[in-house]
Amino acid sequence: MQSHILSIVLFTPLAGLLVLLLIPGQNKFLIRLWANIAAALGFLVSVPMLLSFDRAKDGYQFVERADWIPSLGVQYLIGVDGISLLMVMLTTVMGFLAIFSSWTSIKDREKEYYAMFLLQQVGMVGVFISLDFLLFYTFWELVLVPMYFIIGIWGGPRKLYAAIKFFLYTLAGGVLMLLGILTLYFQYAQQFGRYTFEIAELMKLNMPLGLQQWVFWAFFLGFAIKVPMFPFHTWLPDAHTEAPTAGSVILAAVLLKMGTYGFIRFSLPLLPNASSDRTIVTILATLSLIGILYGAFVSLVQKDWKKLVAYSSVSHLGFCTLGIFALNQNGIAGSIIQQINHGISTGMLFLIVGVIYERRHTREIKEFGGLAHVMPNYAIVFAIAMLSSAGLPLLNGFVGEFTILQGAFEANKIWAAFAVLGIIFGAAYLLWLYQRTMLGEITNEKNRGLKDLNWREWAVFVPLIIWAVTIGVYPKPYFDILEKPVAQIVHRVHQSANMPLAAATVVPPIAAEARVR
Amino acid sequence: MPGNYMPSAAELFRFSPELLLTAAGTLLMIFEAITSPKQKRSLPVFAFLSLLAALALAVAASSDPGPAFNRMLQVDGFATFFRVLVMAIGAVTILISTNYLKQAEHEGGEFYSLVLFSVVGQCLMATANELIMIFIGIEVSSIATYVLAGYLRDDKRNNEAALKYFLLGSFATAFLLYGVAWIYGTTGTTNLSGVRGVLLDPQNAPNAILISVALGLVLVGLLFKVSAVPFQSWAPDVYQGAPAPVTAFMATGPKAAAFAAFLRITMWAFEPVKNHWIPVLWFTAIATMIVGNFAALRQSNVKRLLAYSSIAHAGYVLVALTAASKTGTEAAMFYMVSYAAMNLGAFAVIAHVARKGERRVEIDDFAGLGNRQPLTAAIFTVFLLSLIGVPLTGGFFAKFYVFKAALDSQLIALTIVGLLNSAVAAFYYLRLIVIMYMQPAPEGVDTLPEPSLGIRTALVACSLATVVLGVFPSLVLDIAGRGASFIR
């Protein structure tokens, strides 16, 4: 018996979108209201999934399987393990909050705006639950379209440039990834005599190291552009700066995670020999470290508040990729937790920029100063977000960064040393930003009459703050849920590395029956 | 052929769609002369219905496949696939044309009758099992299209397009015909199955050089018809100059039929010597993709832009042909279907926006369309996304199958070039989307009337087809697979 809970999570936003299209365009209140209801429903239907998920089990749960294109062996095959479960929850929560935060800030073409957000929810959830590679690719590319419109229509002054750059970068990465996917597909057909895109099946492949490396680099381009890793990051500051607030929130909180998720879900288990290859690991770790430090340095000199947050993303995502390529339990688990953390804290930081931008219509840091006097609540929220992003103990960022550092230290002490530097600079640019905008005397008369947070803004921030604190104080549930899937990936990478080109054995079982071993 | 030859009933049945269309086309000419202007309104309806009837006959005829007229024609799954496709293209063309011709004050039965004749020619190309029949098919289709390209005879651009198309087209067909003569000279037959038989026979294998020259000449003609590099230069001028509905037709119908003939010649008759033509197609495919895409980047006229885009798309299909496998044939067949859906749709939007005299065909004329006519703009966006190859549209699976077939045949370099090209192509399609949604309409722009019923029907049909092909590609792919097995 299949449970359809995942399909419900996947298609609720789509159903909401279809209803939304029926609402006449003039009725703006109804459109806003319905979009919020649909997004809230999208979140609510994902809660039972979280509650009934059995973390003691191996492999994927809530698996649904149906033929999609039988002649090619493409299936509608979805399921979640601990990793994807967390990602789906991140998507449904952040998606709702992003839509909720747009209530007053979007006044133009609202119907299209909310339609794009709901469509994006479908794509993002789909990416995280697909267990068929072509299905995954479909959702992966699908996500591009709404974000392109969100930046291009509702974005800032240089929105056209930013939107096209975003689309072309990610598309170029995507097509090369497709090449890698097809290579695996044909390799599988050669070795097993039938065609499939099923990931669990593709894991049985036994490929020579050289070929694995080629495929790895093809995947790398797709994922690294999305993350984005240095030197493919240049689209990100543009996209972030020009996107509307909610767009930036989703982009930072969820979209970038598609890239890191791709590394964890596909590169590592499918290409274990290449992923643990010395040269490749060194290159990837070096790029991550460059990203950490470069992102931090560039953040230090930004004049634009939002651009600063955007570059800080490059730095934080560097930690995530570093953790992945430490190739050990701590590194990868830390990386996933840090991805959630980054979603929460950077999402909050973008929302904070959005709040002030809505009031002042500028993001120049030097326009502000002493805001804590006029907006005390706002200053408190900003302080929490900033400290969570900087990795203060008892807040979420600390848990992720610390675990990643632990993993990096186990893998290579020099990496850990450089990464610690990144944390120091990270604290520096964040504290300095806070000091320049919030503390001291009010330097600009225009800021004197600014209103503090209203109830709607509070309603967006409070859940995020609570989430940040709970992860920081009690991260155990997250580690528990991640333990098995991460252990499986780590085991697979190391086992294949030690026995090069031996038949791979550990394959996460997909069928419910196979799970009971 | 014996002098007292009488076709059997079964043969006539297999040929019935063409017979019906020829009769309908002739009747249209007569009606045109004897009906009052008011009654003329029903002529496109008549043409449309006869296309649908012929389409139904073609489907019915596929239940009894086999040769006709002394093996001149071969009605099989492959032929049926392309026959249905070109008839559907003809029907959509009529939907797009009616309002356009009304605005141009050039309504007339002969337009529709020419469309029908052109479709007949294309059906012949798809069905022919004989080089002479392919030639006749090309001529019937082309001559009708030449006239259509210059249909608005008072329009200078129309005249220029028609003349250019006619001169270059005749030249290319002459090459083809000369190639046919060479083939006859070396193999002693013009029947495709006969040629294949001779090439397969190790006892009296023809001279390799002679057969290569012969095939080369035929390829020149075919590559011209599909507007592949280096025979592409006519396409932008002709596509730009011809009336928009005719451009829609030219870009899809004759191209689909030419690829049908192309596939039968390369994958059936000359399949035994495929090592001779694969390298040629390899270079042509790469050059066509690159030239088409990079030239399209610089265009400001939408029709011209789509002309270059359709050159690039011909390049993708050539990749499938270069694969020289059954999967390649299937991929090419699927590609032509989704290509037809998205291109007809896109040109329908252009015909709608361009209006009388086609003064609004610059990219900037689409500014603010997202605000002015949200639904039209949304549908146009679907076509453009499909042309880019975004998943869940027909264009994605079209490209996907092509590159899958190419990889299957170890054409790795070709695949990489093709994939990168499709990323480049995204840029110029995105420009159109940008203009429609992200730039406001200029001050004082005249209001765009609602699309006519015909255009609306065409848009809905094409966008539905594009999405269905993207979500359930198996529907068409399985039919293409069965069709492809007849020639390979």
Side-chain angles (χ1 to χ4, degrees), chain A residues 21 25 67-72 74 108-109 111-112 115-116 119 122-123 126 134-145 148-149 151-155 159-161 163-183 185-187 189-190 195 214 218, chain B residues 327 330 334 370-371 374-375 377-378 381-382 384-385 388-393 396-397 399-401 403-410 412 415-416 418-431 433-440 470-482:
Chain A
L21 292 181
D67 274 339
W68 181 22
I69 313 170
S71 53
L72 293 183
V74 185
D108 174 40
R109 292 196 234 179
K111 189 166 161 181
E112 286 92 339
M116 286 298 145
L119 182 63
V122 182
L134 199 71
L135 189 68
F136 166 81
Y137 184 79
T138 305
F139 286 121
W140 173 276
E141 297 281 280
L142 184 68
V143 170
L144 275 184
V145 178
Y148 165 75
F149 280 108
I151 299 175
I153 298 184
W154 296 276
K159 58 189 181 182
L160 300 184
Y161 172 76
I164 289 194
K165 193 169 176 183
F166 163 76
F167 196 100
L168 290 184
Y169 258 71
T170 4
L171 185 74
V175 294
L176 291 168
M177 180 170 81
L178 184 61
L179 189 70
I181 297 176
L182 282 172
T183 311
Y185 177 71
F186 284 118
Q187 278 292 318
Q190 239 172 43
Y195 289 101
W214 278 108
Chain B
T327 17
E330 272 173 56
F334 185 88
N371 266 340
L375 198 58
T381 307
V382 170
L384 290 169
L385 290 177
I388 295 176
V390 172
L392 298 184
T393 61
F396 169 70
F397 278 110
K399 284 209 179 80
F400 177 78
Y401 292 135
F403 294 128
K404 172 178 166 283
L407 269 189
D408 210 5
S409 302
Q410 310 293 329
I412 295 165
T415 311
I416 294 178
L419 284 171
L420 290 178
N421 254 289
S422 58
V424 171
F427 185 77
Y428 56 85
Y429 297 121
L430 285 181
R431 249 175 79 203
I433 301 183
V434 164
I435 292 275
M436 281 196 299
Y437 282 98
M438 303 166 198
Q439 281 184 9
V471 181
F472 302 108
S474 323
L475 294 177
V476 172
L477 191 72
D478 291 349
I479 304 175
R482 284 197 291 277

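Proteins come first, then strands; the chains are lettered A, B, ... in the order of their sequence lines, and each starts at number 1. The model shown is predicted, which means the values in this text are computed figures rather than measured ones.
Counting heavy-atom pairs closer than 4.5 Å to chain B, the top residue among A/G152, A/A189, A/A163, A/G155 is A/G152. Heavy-atom pairs under 4.5 Å with chain A peak, among B/T415, B/I412, B/I433, B/V424, at B/I433. The candidate with the highest count of non-hydrogen atom pairs below 4.5 Å against chain A, out of B/V390, B/D408, B/N371, is B/D408. Heavy-atom pairs under 4.5 Å with chain A were tallied for B/I416, B/D478, B/V434, B/L475; the largest tally goes to B/V434. Contact tally against chain B (heavy-atom pairs below 4.5 Å) for A/L144, A/L160, A/L142: the top residue is A/L160. Note: A/Y148 leads A/Y148, A/Y185, A/Y137, A/W154 in heavy-atom pairs under 4.5 Å with chain B.
Note that CZ of B/F400 is 8.0 Å distant from CD1 of A/I181, once rounded to the nearest 0.5 Å. Separating the CH2 atom in A/W140 from the CG atom in A/L135 is a distance of 14.0 Å, to the nearest 0.5 Å.
For A/F186, the CZ atom counts as densely surrounded, since its 6.0 Å shell holds more than 12 non-hydrogen atoms of other residues, nucleotides or ligands.
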May I have the list of side-chain donor-acceptor pairs in residues 168-177 of chain A shorter than 3.5 Å, sequence neighbours left out?
from	atom 1	to	atom 2	distance (Å)
A/Y169	OH	A/T234	OG1	2.8
A/T170	OG1	A/F166	O	2.2

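For chain B, the nearby part of A/L72 is the side chain; its heavy atoms alone come within less than 4.5 Å. The part of B/L385 that comes within reach of chain A is its side chain, from C-beta onward, which places non-hydrogen atoms under 4.5 angstrom from that chain. Residue A/I153 touches chain B through both its backbone and its side chain, counting heavy-atom pairs closer than 4.5 Å. Interface remark: A/V145 contributes side-chain atoms only to the contact with chain B (heavy atom separation under 4.5 Å). Only the side chain of B/L477 comes within less than 4.5 Å of a heavy atom of chain A; its backbone N, CA, C and O stay farther away.
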**OP:** For B/F403 and A/L179, run side-chain contact (heavy atoms from CB on, under 4.5 Å): C-alpha distance rounded to whole Å, both residues' side-chain angles, the deciding distance at 0.1 Å, then the answer.
**Re:** CA-CA 9 Å; B/F403 294 128; A/L179 189 70; over 6 Å; no
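Under a 3.5 Å cut-off, the side chain of B/K399 and the backbone N or O of B/L419 do not form any donor-acceptor pair. With B/T393 contributing its side chain and B/G389 its backbone, the two residues share no donor-acceptor pair below 3.5 Å.
Using cut-offs of 30° and 60° for the angle between ring planes, the B/Y401 and B/F334 rings count as perpendicular.
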